[in-house]
Amino acid sequence: MGIDRAVRRAVFLDRDGVINRAIVRNGKPYPPATEEALEILPDVPDALARLRDAGFRLVVVTNQPDIARGTQRREIVDRMHARLCAELPIDEIRVCGHDDADDCECRKPRAGLLEAAARDADLSLADSFMVGDRWRDVEAGRRAGCITVFVDRQYDEPRPDRPAATVRSLGEAADWILSRPGAAHS
């Protein structure tokens with residue numbers, strides 16, 4: 001007789017523009033440059049608490065190419081992440097510090113960050129969600145086999161191809177995820 005195990009699910013979350021306010025210049029989003037500039041968006045604590053209460057593992061997956069470009073120090077990014085983990089119910093943060101030229105498997109739109117998190121925590125990607133504000137996030141989720149949610153911040157850049165849902169905030173994304181059949185099991 002097999003072991004009856006609950007499916008382990010996650011909500012994968014992009015950082016800048018989903019968890020914290022992105023710095024928008026000329027219609028394009030950028031990460032905050034300092035820990036002091038890191039501003040958690042108003043609906044994020046409640047949205048994450050509701051997702052956690054529904055049994056989801058909360059995993060931030062973020063591209064931070066400024067590390068590879070030499071315009072941001074890893075220690076500053078690490079301090080920002082320590083603050084996010086101290087203030088929010090986040091289970092883990094996975095970072096790709098590479099640029100496109102590095103051709104790594106972890107840089108979104110590739111699915112390496114999501115796949116590694118799923119392997120390490122025994123998560124079902126097909127029962128998990130990817131929430132992001134850029135086409136790269138949605139594409140990474142699609143490639144990993146997750147259900148994708150696009151937070152539309154009206155950036156002046158390409159839009160993602162056919163996300164499962166398009167919303168205006170993480171709060172709306174949480175509402176949509178939690179309204180799906182079976183969302184409340186853990």
Nearest 0.5 Å, please: how far is [atom2] in [Y] from [atom1] in [X]?
{"X": "Asp137", "Y": "Asp14", "atom1": "CG", "atom2": "CG", "result": "4.0 Å"}
{"X": "Leu13", "Y": "Phe56", "atom1": "CG", "atom2": "CZ", "result": "11.0 Å"}
{"X": "Asp152", "Y": "Glu172", "atom1": "CG", "atom2": "CD", "result": "10.5 Å"}
{"X": "Asn26", "Y": "Asp156", "atom1": "CG", "atom2": "CG", "result": "9.0 Å"}
{"X": "Arg50", "Y": "Asp175", "atom1": "CZ", "atom2": "CG", "result": "4.5 Å"}
{"X": "Leu114", "Y": "Met130", "atom1": "CG", "atom2": "CE", "result": "6.0 Å"}

Before you tell me yes or no, could you show the steps for Thr148 and Glu139 under side chain to side chain contact (heavy atoms under 4.5 Å, CB included), namely the whole-Å CA-CA distance, both residues' side-chain angles and the distance that decides it to 0.1 Å?
CA-CA 8 Å; Thr148 58; Glu139 181 62 16; over 6 Å; no
Within 45° of the six-membered ring axis of Phe150 and under 6.0 Å from that ring's centre, is NZ or CZ of Arg159 located there?
no
Given Val77 and Arg15, is the side chain to side chain contact (heavy atoms under 4.5 Å, CB included) satisfied, shown in steps?
CA-CA 11 Å; Val77 172; Arg15 190 189 83 174; 4.2 Å; yes
Taking all non-hydrogen atoms of both residues, which atom of [X] and which atom of [Y] are closest, and how far apart?
{"X": "Ala111", "Y": "Ala140", "answer": "CB-O, 3.7 Å"}
{"X": "Ala117", "Y": "Phe12", "answer": "CB-CE2, 3.8 Å"}
{"X": "Ala54", "Y": "Leu178", "answer": "CB-CD2, 3.4 Å"}
{"X": "Leu113", "Y": "Thr62", "answer": "CD1-N, 3.9 Å"}

As a quick check of understanding, evaluate side chain to side chain contact (heavy atoms under 4.5 Å, CB included) for Arg153 and Val24, giving each step before the final call.
CA-CA 10 Å; Arg153 299 287 187 198; Val24 180; over 6 Å; no
Is the shortest side-chain N to carboxylate O distance from [X] to [Y] below 4.0 Å?
{"X": "Asp99", "Y": "Arg69", "result": "yes"}
{"X": "Asp161", "Y": "Arg142", "result": "no"}
{"X": "Glu115", "Y": "Arg119", "result": "no"}
{"X": "Arg110", "Y": "Asp103", "result": "yes"}

Would you check if the side chain of [X] reaches a backbone N or O of [Y] as a donor-acceptor pair within less than 3.5 Å?
{"X": "Asn63", "Y": "Lys108", "result": "yes"}
{"X": "Gln72", "Y": "Ala33", "result": "yes"}
{"X": "Arg94", "Y": "Val59", "result": "no"}

Side chain to side chain contact (heavy atoms under 4.5 Å, CB included) between Arg52 and Asp91: does it pass, once the steps are laid out?
CA-CA 9 Å; Arg52 165 67 69 72; Asp91 292 296; 2.8 Å; yes
Do Arg21 and Pro42 touch side chain to side chain, with heavy atoms closer than 4.5 Å?
yes
Side-chain heavy-atom pair Ser128, Arg57 within 4.5 angstrom cut-off
no
side-chain contact (heavy atoms from CB on, under 4.5 Å) partners of Asp100, counting only residues at least two apart:
Arg107, Arg136
Residues passing the side-chain contact (heavy atoms from CB on, under 4.5 Å) test with Ala173, sequence neighbours excluded, are Val131, Val149, Val167, Leu170
Check this for me: Arg79, atom CZ, are more than 12 non-hydrogen atoms of other residues, nucleotides or ligands nearer than 6.0 Å?
yes
